[in-house]
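Take a look at the structure below.
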Amino acid sequence: TPIPIWCSESMDEVVCVGSVEELFELSGVRVTDLHKDVVDEITIPSKKNPGTQLRRVEEVFDCWFESGSMPYAQMHYPFENKEKFEGGFPADFIAEGLDQTRGWFYTLMVLSTALFDKPAFKNLIVNGLVLAGDGKKMSKRLKNYPDPNVVISKYGADALRMYLINSPVVRAESLKFQESGVLGVVKEVFLPLYNAFRFFVQNMERWESNSGSNFVPSLDKVRGTANPTDVWISAATQGLIKFVHEEMKAYRLYTVMPALVRFVTQLTNWYVRLNRDRLKGLEGGETESETGLQVLYDVLLDVTILMAPFTPFITEFFYQHLRKLQPSYEQAQSGGGSSNPVMPGKSDSVHFLNLPTYDESRLNENAVEAMEALQVIVENGRTNREKRTISLRTPIKCITVILRNPTANVVESLNGPLKGYILSELNAWDLVIVPKEKEHEWVTLALTPNFNILGRKLGKKMKDFKTLVTSMSHADAIACLENGGLDFEGLTISAKDELISKLTFSKEGDQWESTSTPEGDVVVAIDCTQDEAILSAGRSRELINAIQQLRKAAGLDLGDKVEVFFEESDGINMVESAVSSNVKLFEAKFQGALPVPKKFAPSWSVVLRSDTTEIGGSKVEVSICRPALAGRCGVSDAVGYFLSTIEPSSVMDQSTLSITVDGKDITLKQGEDFWVNSVAKLRATGALAYV
């Protein structure tokens, strides 16, 4: 762009032209093209020295001057659109790369400051540079980056978008592009989220089939649930919605995607995991199942709408399935979905919807705080198991937890409604939250100086001070913290930011394995004692896993009933002993069915799947069979054949069965001649003690 200054050769006369119209008035030439080759030919008659001409200076503006003039030039301000410009200036935000710090950002700031004494923008969103994996600039010549079209074809555009949005680039830092990072988004975010969605659909359809009712989303049921994990995930969802609104409003885009990714982990790794059996209807019945499904649906819909601007394609897929359950979906089917997009279900696309607003009544800091404590305990408990190489199928006797200054809410929740979840996740028999007055029996509170802060303050005295605080007893360290600090050689040392406190496990005994959090405010210890009761329960878990794997291999649905038989080597009854000691566990897991030795299986049992597995160090053959009637010992082949043709569920309420063999009528009595299954026979005859 030519600098609009005309001057005499001696520079004693200088004219700065402010518009095309002014140039016409001064030169008599009207131009429509302001490029250098046109403007340089225009002269202005001198007013100081008549008969001479003023010529434009040779210099031109840097191209960034044009970009910096963008807010004014695009509206032809101040010649037109004065009110419109002043109503929209400065801009709410601008966005460009870090390389524009000395380019566009600079010229925008210089010009707006010169003209209006303020910036041209209220918010500045700066992205970093995407580099090749080796840290060099991406180069077509070097071909040091994967083809974007290939990346999108392999992983999808959403995965690439999330990888970039959730990277240092949005914090104005450089990113070394790695294709493995895009794959990581698929594996760690999209697949778990899809599995949670699929799990919901499968169990919603199962609930509809079992209840004979249609699933209708109900916020009243979501708000009315008393289940602690329901209350927590609802509170976390509403907190996420509130957070996204606040951060987007403040243009802190770099905080939003990490929060969404963390929430997906909370939903899939914790809520769905902790409620898997409940959502399947195996825990609490179909009423509890529906309540959990209502909560899961509500969360999935909110997350789908929240993530839509960032991952538009997968969220559209989720929405098109979730919307069909909404009562307003019928309005969309009659053509209203695109003409009046006002609500989930009716709207034809998730992208027609506004972000959800948070429900303040469902925010619950106590529930979130308690669940955070549960997660810390479970994660550290798993670490302890790994240290001792104790399989999760082998139970542990006790988990002992020491919390530094826990709130009453956390203690009550861990000892109350959340206790069962912790015991289940860690396969433990008991949980003990150590009260404050007994902390000293389990841990020692250690204090160390915060060297970063105290270095200048203490100088050469640091060594003596370190010796003083590290040698404190547990009681002295507690007193120091409760007093807010201590005095040392005329200086006041604050416990808040000048001392670092950490709990360490000090209970004696080889049976204990412990872990503390990096902050040192939580210690989790497990009792690793392995007696016969523990080992027996562990073998039971191994058998349960083997049965579940056989069911999966056989393609059975959750409600499909089977009979389970096992066969051990001669002289070994390890599995039989494990089952006899854990009858209630098997009955709860398999709808009242019990595994029994193979010798008690009817000769006509149909094996659906069988495999040899290792349980407790021994080889055991485990078979799942189609349910079959069991006959009394010594029944004829003809009677046995007859019994093999009858579906057990059809004779549950029949006391007798009639059959004609070789012209002779025979009446078979239930409980004497036949039973609905092998376990019923063993229970009636007393042939197997644990049944």
Side-chain angles (χ1 to χ4, degrees), residues 543-544 546-580 583 586-587 589-613 615 618-691:
L543 177 58
I544 287 171
I547 295 168
Q548 289 174 329
Q549 293 301 318
L550 288 174
R551 289 181 61 93
K552 183 177 180 180
L556 298 179
D557 292 331
L558 186 64
D560 293 336
K561 293 186 178 182
V562 295
E563 291 187 275
V564 181
F565 301 98
F566 59 85
E567 185 174 27
E568 302 180 81
S569 301
D570 290 342
I572 297 177
N573 64 346
M574 193 178 296
V575 173
E576 185 173 342
S577 175
V579 176
S580 67
V583 169
F586 285 97
E587 288 181 335
K589 203 71 178 177
F590 300 116
Q591 304 174 56
L594 277 175
V596 297
K598 187 178 180 180
K599 62 184 179 182
F600 295 115
S603 59
W604 50 82
S605 285
V606 177
V607 177
L608 300 175
R609 204 81 180 186
S610 181
D611 195 11
T612 299
T613 187
I615 297 177
S618 299
K619 297 290 184 181
V620 181
E621 182 188 27
V622 183
S623 304
I624 57 172
C625 300
R626 182 178 176 179
L629 295 180
R632 61 175 172 78
C633 297
V635 296
S636 65
D637 292 342
V639 171
Y641 177 77
F642 170 70
L643 293 175
S644 72
T645 64
I646 296 176
E647 176 63 38
S649 60
S650 67
V651 297
M652 293 289 288
D653 299 324
Q654 289 184 229
S655 59
T656 61
L657 290 174
S658 297
I659 180 177
T660 302
V661 178
D662 296 331
K664 182 180 179 181
D665 294 332
I666 300 176
T667 298
L668 304 175
K669 295 182 179 180
Q670 182 169 179
E672 293 183 15
D673 301 305
F674 75 93
W675 293 262
V676 292
N677 54 47
S678 297
V679 171
K681 175 184 175 181
L682 294 172
R683 186 171 288 125
T685 60
L688 191 60
Y690 68 78
V691 174

For Thr613 versus Ala546, what's the shortest heavy-atom pair and its separation? CG2-CB, 3.9 Å
Run the side-chain donor-acceptor check on residues 634-645: report pairs under 3.5 Å with partners two or more places apart or on a different chain.
| unit_1 | atom_1 | unit_2 | atom_2 | d |
| --- | --- | --- | --- | --- |
| Ser636 | OG | Val639 | N | 3.2 |
| Ser644 | OG | Tyr641 | O | 2.6 |
| Thr645 | OG1 | Phe642 | O | 2.6 |

Minimal non-hydrogen separation, Pro602 against Ala630, with atom names: CG-CA, 4.2 Å
Which residues pass the side-chain contact (heavy atoms from CB on, under 4.5 Å) test with Ala593, sequence neighbours left out? Phe590
To the nearest 0.5 Å, how far apart are CG in Leu682 and CG in Leu594? 9.5 Å
Where do Ser577 and Ser580 come nearest, in terms of heavy atoms and distance? O-OG, 2.7 Å
If you look only at distance, which donor and acceptor atoms sit under 3.5 Å apart when one is on a side chain in residues 666-673 and the other is two or more places apart or in another chain?
| unit_1 | atom_1 | unit_2 | atom_2 | d |
| --- | --- | --- | --- | --- |
| Gln670 | NE2 | Val651 | O | 3.4 |
| Gln670 | NE2 | Gln654 | O | 2.4 |
| Asp673 | OD1 | Arg632 | NE | 2.9 |
| Asp673 | OD2 | Lys669 | N | 2.8 |

Heavy-atom closest pair, residues Lys619 and Thr612: CB-CG2, 4.1 Å
Within the distance-only criterion (no hydrogens, no angle test), does the side chain of Glu576 pair as donor or acceptor with the backbone N or O of Pro597 below 3.5 angstrom? no
In a table with atom names and distances, give each donor-acceptor pair under 3.5 Å that connects a side chain of residues 549-560 to protein atoms at least two apart or in another chain.
| unit_1 | atom_1 | unit_2 | atom_2 | d |
| --- | --- | --- | --- | --- |
| Arg551 | NH1 | Asp560 | O | 2.9 |
| Arg551 | NH2 | Asp557 | O | 2.8 |
| Arg551 | NH2 | Asp560 | O | 2.8 |
| Asp560 | OD2 | Asp557 | N | 2.7 |

Side-chain donor/acceptor of Glu563 to backbone N/O of Asn677, under 3.5 Å: no
Set of side-chain contact (heavy atoms from CB on, under 4.5 Å) partners for Thr685, sequence neighbours left out: Trp675, Lys681, Ala687
Just how far is it from atom CG of Leu543 to atom CZ of Phe586, taken to the nearest 0.5 Å? 4.5 Å
Suppose the criterion is salt bridge (charged side-chain N to carboxylate O under 4.0 Å, His left out): which pairs have a residue in residues 639-663, not counting sequence neighbours? Arg626-Glu647
Which atom pair, heavy atoms only, marks the closest approach of Ser678 to Phe600? OG-O, 3.6 Å
For the student: nearest non-hydrogen atoms of Tyr690 and Val596, plus distance: OH-CA, 3.5 Å
Quick one: pull up CD in Glu567 and CD in Glu621 and give me the separation to the nearest 0.5 Å. 5.5 Å
